[in-house]
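Report on the structure given below.
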Protein chains: 2
Amino acid sequence: MMATLFVSQRRGEIPRLLSAFPDARRITPSQARVMAAHGDRIWLMADHSDWPGLTRALAEHGAVIVVMSLTPSETEALRALQAGARGYIHALSPVELLGQVALVTGNQGIWVPAELLGRVLGAAFNSLGGRESLPPENLSALTERERAVALAVAEGRSNKEVARRLDITERTVKAHLGAVFRKLGVRDRMQLVLRLAKQDEHIV
Amino acid sequence: MMATLFVSQRRGEIPRLLSAFPDARRITPSQARVMAAHGDRIWLMADHSDWPGLTRALAEHGAVIVVMSLTPSETEALRALQAGARGYIHALSPVELLGQVALVTGNQGIWVPAELLGRVLGAAFNSLGGRESLPPENLSALTERERAVALAVAEGRSNKEVARRLDITERTVKAHLGAVFRKLGVRDRMQLVLRLAKQDEHIV
DNA sequence: AAAAACATTGGACCGATGGACAGGGTGTAA
DNA sequence: TTACACCCTGTCCATCGGTCCAATGTTTTT
């Protein structure tokens, strides 16, 4: 598992990917829809009409997706990221850059070309008007893992999602979560969220 | 060179950083301004007024900056990134996550908590002319019963409890709740709670 | 060295949850 | 009257959540 796949309709550009990732395979968009697996590293060419839809579908399966375009733009970058892609780069980027992008995106990071990033952030900034959120708190009684699980759950993540994020089984998430409930004296995740949200207001 | 520095006014939370980066040192914001070096990995607590200015100054010196906050928000995240930070995280994040963030940001990657990323991208997308996306709803779109159910659920009540309170069957609660999910564009009660908790001016 | 705490996973159980599919009853607007 | 929105209920079913029964290996404390 954790295959490296290159999704493209046309046949070109494989040698570049292969030199960076020797065990990569090329597949078509339609093939990708059925063989997407959790943890796969997918390099998806934005060369067909429904690449955002495909990106979204694959992202929901837990694949790490980098969209490649021959004509990068900030709107296309946003479309890619919003569809769940973790990276967006020029299709003809040098091999060493591809490796760096793989490293970044493979570790929950976002990769966007620096020149696009500025514009994207500027656009985002103009259309946001401020609000608070998340919990600090009495998490000091918890262990490292328990705290990690508690914070993720407090963000609304499901057990499955938390398991993916921490790279452990769902069973282990349940174990930690049970300990969290016991230590904080709450019954379920719902009460946990409310507890953390409440304590949030007093501290700031 | 390439020192790992922890910038904070207060003295706390160093052990966490140290366990992730044994050779890290803690310095004050004023100290940071003079000893910033190109390539330094700086973890900057957003616990003093001018952290954006400091971030900007250090970024211009070529430092890799991750802003840490006890109360993360999308606006603060944007402020951090616009100031030149490459990462923005919860200050109480688990050690392994810190390592991941260091890896990502040290390789030209961007690191933002996934839940903030979604909102940031949504905002950016709208302001760039991309049509449609996330519902900015409040509870006014709901019917009387739907709103009653939504508010009860937002207090942490189970479907059974809500049913008792409103004197209807649990099945009906589910029906209303399903309508609430659909209208507000959330997938489950957990997301509903978080949504209402963030903008609870409408509640009462 | 022994004891305790921690992280991880397995299996099993069962209630809670949410969607799909299908209705009835009421009122009001076209 | 017809249409429509709202409110209420039912069954079925797949999944999620939380707890109970474990077990193994590591780290820390005593």
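Chain letters run A, B, ... following the sequence lines, proteins first and then strands; every chain starts at 1. Side chains included, hydrogens not; waters and symmetry mates left out as well; all remaining heavy atoms used.
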OP1 or OP2 of dG17(D) less than 4.0 angstrom from a side-chain nitrogen or oxygen of Asn159(A), does that happen here?
-> yes

Side chains of Val66(A) and Ile89(A): does their closest heavy-atom pair fall under 4.5 Å?
-> yes

Which comes earlier along DNA chain D counting from the 5' end, the contact point of Arg145(B) or that of Val186(A), where each point is its nearest nucleotide?
-> Arg145(B)

Could you check how far CG of Leu177(B) sits from C1' of dC8(D), rounded to whole Å?
-> 15 Å

Which nucleotide of DNA chain C is the first, and which the last, in the 5' to 3' direction, to come under 4.0 Å of a heavy atom belonging to chain A?
-> dC6(C) to dG11(C)

To the nearest Å, give me how far apart NZ (Lys160(A)) and C1' (dA14(D)) are.
-> 12 Å

For residues 167-175 of chain B, run the donor-acceptor check on the side chains, cut-off 3.5 Å, and write out each pair with its distance to 0.1 Å, sequence neighbours left out.
from      : atom 1 : to        : atom 2 : distance (Å)
Thr169(B) : OG1    : Thr172(B) : N      : 3.3
Thr169(B) : OG1    : Thr172(B) : OG1    : 3.0

Are the side chain of Arg86(A) and the backbone N or O of Gly109(A) linked by a donor-acceptor pair below 3.5 Å?
-> yes

Taking every heavy atom of Val104(B) against every heavy atom of Asn107(A), the minimum-distance pair comes out as CG2-O, 3.3 Å

Please give, in whole Å, the distance from dG18(D) P to Asp188(A) CG?
-> 6 Å

Residues Gln31(B) and Thr28(B): side-chain donor-acceptor under 3.5 angstrom = yes

Are Pro94(A) and Leu97(A) side-chain neighbours, meaning at least one heavy-atom pair lies under 4.5 Å?
-> yes

CZ of Arg189(B) versus C1' of dC16(D): gap in Å, rounded?
-> 12 Å

Please answer whether the main-chain N or O of Gln100(A) pairs with a side-chain N or O of Gln108(B) as donor and acceptor at a distance below 3.5 Å.
-> no

DNA chain C contacts among residues 167-175 of chain A, heavy-atom distance under 4.0 Å | Ile168(A), Thr169(A), Arg171(A), Thr172(A), Ala175(A)

Angle by which the axis turns from one end of the helix from dA1(C)-dT30(D) to dG23(C)-dC8(D) to the other, five pairs per end, to 10 degrees = 40°

Taking the side chain as every heavy atom from C-beta outward, state whether Ile42(B) and Val7(B) have any pair of such atoms under 4.5 Å apart.
-> yes

Nucleotides 25-30 of chain D: protein proximity per nucleotide (B base, S sugar-phosphate only, - neither; heavy atom, under 4.0 Å) = ------

Across all chains, not counting sequence neighbours, the side-chain contact (heavy atoms from CB on, under 4.5 Å) partners of Asp50(A) are Arg33(A)

Answer yes or no: is there a side-chain heavy-atom contact under 4.5 Å between Val162(A) and Leu177(A)?
-> no

Rounded to the nearest Å, what distance is computed from the CG atom of residue Leu166(B) to the P atom of nucleotide dC8(D)?
-> 8 Å

Please give, in whole Å, the distance from dG17(D) P to Leu192(A) CG?
-> 13 Å

For Asp47(A) and Ser8(A), does a side-chain donor sit closer than 3.5 Å to a side-chain acceptor?
-> yes

What do the steps show when you test Arg189(A) against Glu155(A) for salt bridge (charged side-chain N to carboxylate O under 4.0 Å, His left out), and what is the final call?
-> CA-CA 10 Å; Arg189(A) 63 209 296 113; Glu155(A) 293 169 1; over 6 Å; no

Rounded to whole Å, CD of Gln191(A) lies from C1' of dG18(D) at a distance of 14 Å

Please step through side chain to side chain donor-acceptor pair (under 3.5 Å) for the pair Glu76(A) and Ser73(A), ending with a clear verdict.
-> CA-CA 5 Å; Glu76(A) 198 178 50; Ser73(A) 68; 4.6 Å; no

Should Thr143(B) be listed as having a side-chain N or O under 4.0 Å from OP1 or OP2 of dA5(D)?
-> no

Test item: Arg41(B) and Phe6(B) side chains (from C-beta on) under 4.5 Å apart, heavy atoms = no

